[in-house]
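All chains are named by letter (A, B, ...) in the order of the sequence lines, taking the proteins before the strands, and each is independently numbered beginning at 1. Model, not experiment: these values are computed from the prediction.
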Amino acid sequence: MEKKDTAIHMPKTDFPMKGNLNQREPEFYKKWEDDKVYEKLLEKRKKENAPSYILHDGPPYANGNIHMGHTLNKVLKDIVVRYRSFKGYYSPYVPGWDCHGMPIEHKVAENLGSRAKTMTKPEIRRLCHEYAMKYVKLQGDQFKRLGIMGDWENPYLTLNKEYETKMVDIFWEMYKNGLVYRGLKPVYWCCRCETALAEAEVEYADHKSTSVFVRFKIKDDSKSKAKPGKDAYVVIWTTTPWTLPANVAIALHPDFDYAVYEAAGEKYILAKGLKTQFEEKTGISGLKEISVFKGRDLEYAVCSHPFVERDSLVINADYVTLETGTGCVHIAPGHGHEDYVAGLKYNLQILNPVDASGHYTNEFELMKGEHVFAANLKIVELLKEKKALLAQEEITHSYAHCWRCKSPIIYRATNQWFISMEKNNFRAKALDEVKNVKWFNEWGEDRISKMISGRPDWCISRQRSWGVPIFVFTCKDCGESIVTEKTIAKVRALIKEEGSDGWFKHTAKEILGEECKCPKCGSGNVDRGNDIFDVWFDSGASSFSVLETRDDLSWPADLYLEGSDQYRGWFQSSLLAAVGFRGKAPFKSVISHGWILDGQGRAMHKSLGNVINPLDLIKKGGADVLRLWVASEDFTADQSISEEIMSRVTDSYRRIRNTFRYMLSAVNDFKKENAVPYEKLSAFDKYALHRMQVLLDSLDKYYERFEFHRVYREFTNLCSTFLSSYYFDVLKDRLYTFKSNGIERRGAQTVIYKMLINLTKAIAPVLAFTADEVWQFIPQELKNENHIQLEKWTNEKEPLLSDEEVQGWEIFNKLRDAALKKIEDKRKEKIINHPYEAVINISYASAKLDRILKKLSKEEVEQMIIVSGVSYSPAGKLEDKEWDFGLEITAGKSDAVKCERCWRYTDTTGSNPEYPGLCSRCVENLG
RNA sequence: GGGCCUUUAGCUCAGUUGGUUAGAGCACUGUGUUGAUAACGCAGGGGUCGAUGGUUCGAGCCCAUCAAGGCCCA
């Protein structure tokens with residue numbers, strides 16, 4: 001008889017232990033693109049008539065490299081979309097970019113330097129366009145590097161014609177509904193450049209100003225609680241005397257103490273805490289306190305303006321401080337932002353007696369034509385003349401200057417376009433729609449409701465070049481703003497054809513043709529407006545501009561998923577645009593993620609030097625590790641990232657990778673026809689399948705609820721606690737030493753194969769690259785599709801065990817742990833080393849345990865505890881008590897002989913003279 | 001200053017309607033294997049649950065105040 005090969009069946013695979021992700025992932029992405037995986041997936045689902053699930057992408061700003069915030073956001077979306085696709089949904093992902101706005105215009109202007117002034121708007125816009133497109137491409141490539149799947153060939157851009165065309169419709173609908181109105185609002189204004197400035201264009205530098213103490217005589221105290229009398233004066237302090245002509249109110253802090261003081265026969269009202277300072281500055285001494293009241297008590301008293309025939313109302317404002325001045329603040333809503341806000345609250349008049357070049361208009365007849373900065377001294381003279389000036393001094397303080405011409409700037413009320421929150425019950429409607437949305441963050445609804453309740457009217461106009469024009473014409477003769485059905489039709493055609501560039505290239509006459517006529521005065525002297533939309537209006541329009549203009553998408557979206565800053569931003573602008581346009585919320589559900597912080601929980605700042613760059617992390621560890629990090633934390637709260645955290649995630653990735661590697665190697669010689677039917681599997685195998693099914697069911701639930709950190713936890717826990725340390729460890733004996741085509745080995749492979757397929761699918765939404773890499777190693781005949789993305793979450797479920805059976809296994813596992821502990825004790829005593837050197841005896845008195853053990857053969861138990869021998873010593877009379885009743889486990893060293901093939905210590909080793917080193921089981925299992 | 005949120009072992013997370021010595025995985029330490037080896041097993045140490053006060057027979061869980069941190073406003 002020929003001697004058989006005694007070699008064992010070692011696991012084998014070419015799947016590398018080391019991921020080498022930074023090199024490999026881009027190759028994978030390329031393969032996805034070459035194989036048109038995304039397109040095929042959508043086609044396939046469409047053919048299946050799958051229900052759709054639309055996640056609408058919030059557009060990042062097309063500027064700069066991607067940072068951790070982008071990474072978090074896009075990976076989360078990708079997990080959602082991939083999961084939904086797996087579950088059989090038609091789930092297209094159309095990424096978008098926010099392309100207009102200040103930052104880009106600012107950068108372009110910066111690059112141009114002094115040349116900017118000589119360029120026309122269309123020329124500057126062309127450069128802005130190029131700039132935006134450059135970053136669309138750059139960020140797009142970076143997003144792809146993260147493994148994000150979507151329609152990258154055809155993203156949506158807020159500068160696209162069809163996008164802008166939809167904005168015409170939205171604007172017109174809101175205009176028709178009376179939501180849009182024109183009003184005054186102060187903006188930063190450079191009188192020298194004669195232009196509005198954005199926050200980012202303002203620089204601060206020291207500036208010398210004349211500050212003045214001015215008294216306002218009380219005219220009527222009948223409406224206020226405090227009654228200081230008509231001979232008292234409220235004293236204000238200001239560093240901008242030129243704004244006094246626009247004064248309409250005086251603000252006091254509601255909670256501060258104010259007093260009426262008497263000196264030299266005059267009564268002055270100022271904050272109690274500033275009395276001494278007041279005496280020093282004005283030289284008025286010996287102030288005698290007459291009465292004291294809270295700021296709120298003087299609310300609604302009326303003063304007389306010192307040099308204009310006008311009332312000045314006493315109001316309350318929380319931002320009043322006691323740092324300098326008198327605690328009584330001069331309010332000119334046309335010349336200050338806070339003044340403006342206070343003005344809205346008290347319905348104050350917004351006055352703007354200053355023209356674009358900084359000269360007083362005839363609204364302030366007295367100094368008409370005077371430049372406001374030069375007028376300061378004249379105002380002082382005027383105050384003296386009116387006996388209203390109590391003191392003046394020159395002070396140097398930080399003051400806003402124009403970034404371009406470096407001259408000091410002013411706040412100047414200008415005409416702006418607004419969306420009213422009140423007309424047609426708009427605010428109430430928006431709040432109602434909030435209630436129809438599922439806010440996955442429990443506090444989300446509360447947060448956005450409060451914001452909408454408290455927000456002012458939405459100012460949608462900006463005085464810039466890089467944006468979508470507000471589709472309004474102006475009559476140069478009568479000043480009428482012209483928006484009619486006919487002009488809108490013309491504008492719509494223009495935008496559709498040329499995009500908003502057309503607006504800036506053509507005159508009103510060219511755009512409107514025979515419609516170029518003021519409907520009010522009939523003049524043909526019509527100009528196109530120069531304002532553009534606030535970029536939040538651009539992006540707020542996206543639900544319509546994108547979902548309604550693409551065949552593959554539909555409105556409303558199933559989900560918006562953005563950072564928590566978007567309750568104020570995009571969630572809100574989208575909601576308002578949608579309620580204004582269609583009366584409905586644009587999303588069925590919303591979930592927000594937190595901010596990314598460093599290891600200490602601090603925000604990342606360049607100045608703190610704690611900024612972590614995702615591109616660096618990808619280079620170091622690969623995108624899948626980064627994706628795993630995203631999944632590992634509870635994204636609804638803020639999340640931390642640090643070297644330690646990444647190092648933990650990397651460890652965890654390696655564990656997962658190796659688990660897959662082991663599964664691949666264990667089924668390397670497995671074929672479909674080798675599969676063992678469920679009924680013929682061992683009890684332990686059935687238990688393993690049960691565990692797998694329980695895991696899959698919870699993962700499914702967690703994905704659906706966006707609880708990815710639970711997916712991560714359950715998945716890694718199963719890999720460690722059940723698979724590596726238990727099931728696979730136990731299976732080694734069967735896989736390596738049993739007959740290669742025997743039922744024991746094939747049974748084990750059947751289970752591992754099922755796990756391999758299902759676990760790869762289950763983690764594929766997170767580990768996009770690795771899952772597909774694993775997939776490539778699965779033999780063709782064992783899978784349906786070449787790429788895992790095209791597969792579906794498995795529908796057929798493995799049978800679950802009964803509760804009683806599960807309980808039995810839980811008890812057995814505890815018994816196993818107890819046995820391992822005993823063996824460990826012997827190892828510490830240096831009695832044994834390898835587990836197979838051990839034999840154990842289990843003596844017990846529980847009938848419960850007896851029933852459990854009787855269901856298993858001795859060989860199975862030996863295998864599962866991984867020892868060479870198990871013996872039982874049941875008590876003579878078993879009692880129906882807890883499983884560990886009377887339990888005693890002893891471990892010892894086997895005195896049998898080691899089989900050199902399976903390493904077990906057995907009495908049969910050497911019983912066959914042909915194979916002297918082998919045990920009888922091994923001899924039987926050769927081949 | 002206001003609205004909303006976060007705070008449990010080194011890290012990431014669990015902790016059901018308040019009820020006995022607060023859990024998991026990873027990391028760490030020790031150790032075994034060398035037939036998953038840049039891998040795998042076993043065992044062990046580690047937290048006064050951000051702080052203080054209160055309600056209660058009893059609080060990580062309820063209430064109040066404070067602190068640190070975050071987003072959005074001012």
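Taking atom P on both nucleotides, B/U56 is separated from B/G46 by 36 Å, rounded to a whole Å. B/G70 and B/G18: their P atoms are spaced 33 Å apart (whole Å). To the nearest whole angstrom, the two P atoms, one in B/G10 and one in B/U48, are 9 Å apart. Taking atom C1' on both B/A22 and B/U37, the two are 37 Å apart, rounded to the nearest angstrom. Spacing between B/U52 and B/G60 at atom C1', rounded to whole Å, works out to 16 Å. Taking the C1' atom of each, B/C26 and B/C72 are spaced 35 Å apart, rounded to whole Å. Taking atom C1' in both B/U55 and B/C63, one finds a spacing of 7 Å when rounded to whole Å. For the C1' atoms, the distance linking B/G45 with B/G54 amounts to 36 Å, nearest Å.
In terms of position along RNA chain B, the nucleotide closest to A/R648 lies nearer the 5' end than the nucleotide closest to the other residue of the pair A/D565 and A/R648. Sequence order on RNA chain B of the closest nucleotides to A/W595 and A/Q639 puts A/Q639 first from the 5' end.
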Go through the steps for A/R602 and A/D638 under the test salt bridge (Lys or Arg N to Asp or Glu O under 4.0 Å), then give the verdict.
CA-CA 10 Å; A/R602 277 201 205 108; A/D638 292 342; over 6 Å; no
Apply the test salt bridge (Lys or Arg N to Asp or Glu O under 4.0 Å) to residues A/D651 and A/R648: give CA-CA distance (whole Å), side-chain angles for both, the deciding distance (0.1 Å), then the verdict.
CA-CA 5 Å; A/D651 289 341; A/R648 292 298 83 81; 3.6 Å; yes
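Taking the six-membered ring wherever Trp is involved, the centroid distance between the rings of A/F812 and A/F684 does not fall below 6.0 Å. A ring-centre distance under 6.0 Å is found for A/F728 and A/Y662. If you look at A/Y702 and A/F708, their ring centroids are not closer than 6.0 Å. Aromatic rings from A/Y567 and A/W443 are positioned such that their centres are separated by under 6.0 Å.
For A/E338, whose side chain is taken as the heavy atoms from C-beta onward, the closest listed nucleotide among B/A38, B/A74, B/G25 is B/A74. When the nucleotides B/U12, B/A74, B/A14 are ranked by their closest atom to the side chain of A/H337, B/A74 comes out on top. When the nucleotides B/G3, B/A24, B/C42 are ranked by their closest atom to the side chain of A/N717, B/A24 comes out on top. Side-chain atoms of A/R602 lie closest to B/G70 of the nucleotides B/G70, B/C13, B/C4.
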What does nucleotides 31-36 of chain B look like as a protein-contact string, B for base, S for sugar-phosphate only, - for none, at under 4.0 angstrom between heavy atoms?
-SSSBB
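Between the side chains of A/S698 and A/R710, no donor N or O sits under 3.5 Å from an acceptor N or O. When only modelled atom types and interatomic distance are considered, A/T636 and A/N441 share no side-chain donor-acceptor pair under 3.5 Å. Judged by distance alone, the side chains of A/E562 and A/N73 do bring a donor and an acceptor atom under 3.5 Å apart.
The interatomic distance linking A/M864 (CE) with B/C42 (C1') rounds to 19 Å, in whole Å. Counting to the nearest Å, the C1' atom of B/A43 and the NZ atom of A/K826 are 15 Å from each other. Rounded to whole Å, atom C1' of B/G41 lies 12 Å from atom CD1 of A/I823. Separating the CZ atom of A/R654 from the P atom of B/G25 is a distance of 19 Å, rounded to the nearest angstrom. Straight-line distance from the CD atom of A/Q566 to the P atom of B/C73: 10 Å, rounded to whole Å. One atom, OH of A/Y653, and another, P of B/C26, lie 18 Å apart when rounded to the nearest Å. The CG atom of A/L731 sits 17 Å away from the P atom of B/C40 (whole-angstrom rounding). What separates CE of A/M646 from C1' of B/G10 is a distance of 17 Å, to the nearest Å.
Regarding contacts with the backbone of B/C26, a side-chain N or O of A/S720 is found under 4.0 angstrom from either OP1 or OP2. Regarding contacts with the backbone of B/C13, every side-chain N or O of A/R710 stays at 4.0 angstrom or more from both OP1 and OP2.
At least one donor-acceptor pair under 3.5 Å links the side chain of A/N316 to the backbone N or O of A/L252. Formation of a donor-acceptor pair under 3.5 Å by the A/R24 side chain with backbone atoms of A/G19 is found in this model. A donor-acceptor contact shorter than 3.5 Å links the side chain of A/R661 to the backbone of A/F15. Without hydrogens or angle criteria, A/T909 side chain to A/V897 main chain gives a donor-acceptor distance under 3.5 Å.
As judged by a 4.0 angstrom heavy-atom cut-off over every strand, A/K18 is placed among the base-contacting residues. Heavy atoms of A/D634 sit under 4.0 angstrom from primed sugar atoms or phosphate atoms, though from no base atom. Within the 4.0 angstrom heavy-atom criterion, only backbone atoms of the sugar-phosphate kind lie near A/T721; the bases stay farther away. A/N441 comes within contact range of no nucleotide atom at all, as no heavy-atom separation falls under 4.0 Å. Backbone-only engagement by A/S640 is indicated by non-hydrogen atom pairs under 4.0 Å involving sugar-phosphate atoms exclusively.
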Table of protein N/O atoms under 3.5 Å from nucleotides 62-65 of chain B N/O atoms:
none

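Under 3.5 Å, the side chain of A/R447 and the base of B/C71 form at least one donor-acceptor pair of N or O atoms.
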So what's the dot-bracket for RNA chain B: Watson-Crick or G-U pairs under 3.5 Å, [ ] if a pair crosses, | if it pairs off-strand?
(((((((..((((.....[...)))).(((((.......))))).....(((((..]....)))))))))))).
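Minimum interatomic distance between A/L628 and A/S652 (heavy atoms only, all atoms of both residues): CD2-OG, 4.1 Å.
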